[in-house]
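If you're wondering where the values come from, they're calculated on a predicted model, not measured in any experiment. Hydrogens, waters and symmetry mates are skipped; everything else that's a heavy atom, side chains included, is used.
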Amino acid sequence: MLSLDLDFLRLSYRPDLQLLFLRWTRPVSTAEHQQGYTAALHLARSAGAGQWLIDLRSRGLASAEDFAWVLTEFRTRMGAALPHVSRRIAYLVTPYHSELIRERLALLEPTYPVAVQQGAAIQVFTEEQPAQQWLHMGGA
C-alpha cells in the first residue's frame, strides 16, 4: 500500500481495491487544497490509479472557487497525467453537504467543454460502499 500523510490529508492507495483514498482531516486554505490534490496526483501517477474516493466529511466542502478549480484545471491535469486509465472521482460527503455539492455540479458541469469533463467523471455519495461500487464500475 502506498501512502502519504500531510497535516491536513491522508492519502493511501489500496492495490487490492485499486482505489486512491483522499481523507481530508480538517478545513483547508486554497493553497493546502491545491497542494493536497497535487500530492494525490503524484501518488496516483506512480500507482496508475484513476479511481479516487475523496472523503470530505471531516473537512467540509471547498469554496466555490476551489471546487471550480478542481472541475477545470485539476481535472485537465488528471486526464493528462493518467491518460491510459479510466478516471473517476467519488466525493464522500455528509448528508448536510450533499445537496449543495450536487447543485454546484449541476450548475457548473454543463458550462465546461467536453474535453474538460472527460478529465474525470465525478459523482457525490453519502455512503462509502455505493461510492466504491461506482468507482469499480469505471475501472472495468
Side-chain angles (χ1 to χ4, degrees):
M1 180 167 79
L2 298 173
S3 65
L4 173 67
D5 283 347
L6 303 172
D7 173 50
F8 49 86
L9 177 65
R10 290 188 189 101
L11 298 171
S12 59
Y13 175 69
R14 294 267 315 263
D16 57 325
L17 299 175
Q18 297 182 320
L19 294 179
L20 179 68
F21 291 86
L22 290 78
R23 297 201 189 270
W24 297 89
T25 59
R26 64 168 172 80
V28 296
S29 67
T30 294
E32 290 170 326
H33 182 256
Q34 292 183 8
Q35 178 187 356
Y37 275 90
T38 299
L41 189 56
H42 289 299
L43 186 63
R45 192 176 321 163
S46 68
Q51 314 303 315
W52 294 23
L53 191 141
I54 303 177
D55 187 344
L56 300 176
R57 294 174 299 180
S58 293
R59 185 194 85 181
L61 301 184
S63 69
E65 295 80 12
D66 286 346
F67 188 55
W69 175 85
V70 170
L71 294 179
T72 56
E73 185 177 326
F74 179 77
R75 193 161 47 165
T76 300
R77 288 175 51 201
M78 185 179 186
L82 299 164
H84 302 296
V85 298
S86 171
R87 294 168 307 277
R88 286 182 167 215
I89 296 173
Y91 280 107
L92 186 58
V93 300
T94 63
Y96 176 79
H97 288 125
S98 178
E99 186 175 336
L100 179 58
I101 193 170
R102 288 175 203 267
E103 287 173 1
R104 286 181 182 176
L105 267 173
L107 179 69
L108 295 172
E109 194 69 355
T111 68
Y112 301 134
V114 172
V116 170
Q117 294 178 30
Q118 290 175 338
I122 297 174
Q123 287 287 337
V124 178
F125 298 89
T126 56
E127 296 179 25
E128 192 158 337
Q129 190 62 34
Q132 287 189 26
Q133 290 171 346
W134 178 78
L135 288 167
H136 283 148
M137 289 180 358

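If you chain together hydrophobic residues whose side chains sit under 4.5 Å apart, L43 and F8 fall into the same group. When the side chains of ILVMFWY residues are joined at heavy-atom separations under 4.5 Å, either directly or via intervening members, L9 and L4 end up in a single hydrophobic cluster. Under the 4.5 Å side-chain heavy-atom criterion for ILVMFWY residues, a single connected hydrophobic cluster contains both V70 and V28. By the rule that hydrophobic residues join a cluster once side-chain heavy atoms approach within less than 4.5 Å of another member, L108 and I122 end up as members of one cluster.
Other residues, nucleotides and ligands place no more than 12 heavy atoms under 6.0 Å from the CD atom of E127. The 12-atom threshold is not exceeded at CD of E99, counting heavy atoms of other residues, nucleotides or ligands nearer than 6.0 Å.
How far CD1 of I54 is from CZ of F125: 12.0 Å, rounded to the nearest 0.5 Å. Annotation: the span from L11 atom CG to L2 atom CG amounts to 10.5 Å, rounded to 0.5 Å. In this structure, NE2 on H97 lies 12.5 Å from CG on L92, to the nearest 0.5 angstrom. Within the model, atoms OG1 of T30 and CD of Q35 stand 12.5 Å from one another, a figure rounded to the nearest 0.5 Å. Distance check: L20 CG to Q51 CD gives 10.5 Å after rounding to the nearest 0.5 Å.
Residues A120 and M78 approach most closely at CB-SD, 3.8 Å, considering heavy atoms. What you find for A131 and A90 is that their closest heavy atoms are CB-CB, 4.0 Å. What you find for G36 and W24 is that their closest heavy atoms are CA-CH2, 3.9 Å.
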Exercise for review: Would you please test L82 and H84 for side-chain contact (heavy atoms from CB on, under 4.5 Å) and show each step?
Suggested key: CA-CA 6 Å; L82 299 164; H84 302 296; over 6 Å; no
Point to revise | side-chain contact (heavy atoms from CB on, under 4.5 Å) between S98 and V124, worked out | key: CA-CA 7 Å; S98 178; V124 178; 4.3 Å; yes
**Study point:** Step-by-step salt bridge (charged side-chain N to carboxylate O under 4.0 Å, His left out) determination, R75 to E109
**Key:** CA-CA 12 Å; R75 193 161 47 165; E109 194 69 355; 2.8 Å; yes
Check your understanding: What do the steps show when you test Q132 against L19 for side-chain contact (heavy atoms from CB on, under 4.5 Å), and what is the final call?
Key -> CA-CA 8 Å; Q132 287 189 26; L19 294 179; 3.7 Å; yes
Point to revise | Steps toward side-chain contact (heavy atoms from CB on, under 4.5 Å) verdict (L56, L61) | key: CA-CA 7 Å; L56 300 176; L61 301 184; 4.0 Å; yes
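Classification of R10 and D55 as a salt-bridged pair fails, no side-chain N sitting under 4.0 Å from a carboxylate O. The existence of a salt bridge linking E128 and R23 is confirmed by a sub-4.0 Å separation between a basic side-chain nitrogen and an acidic carboxylate oxygen.
The side-chain contact (heavy atoms from CB on, under 4.5 Å) test with L71 is passed by exactly one of L105, V116, T111: L105. Among F21, Y13, F74, Y91, the single residue meeting the ring-ring contact (aromatic ring centres under 6.0 Å, His included) criterion with W52 is F74.
A donor-acceptor contact shorter than 3.5 Å is absent between the side chain of Q34 and the backbone of A31. A donor-acceptor pair is defined here as one N or O able to donate and one able to accept, closer than 3.5 Å; no such pair exists between the side chain of R57 and the backbone of V93. Side-chain atoms of R88 come within 3.5 Å of backbone atoms of W134 as a donor-acceptor pair (strictly under, hydrogens ignored). T126 places no side-chain N or O within 3.5 Å of a backbone atom of P95 that could act as its donor or acceptor partner. A donor-acceptor contact shorter than 3.5 Å links the side chain of H136 to the backbone of L17.
Aromatic ring orientation, H33 versus W69: perpendicular (interplanar angle above 60°, classes split at 30° and 60°).
Between L135 and L53, some side-chain heavy-atom pair lies under the 4.5 Å cut-off.
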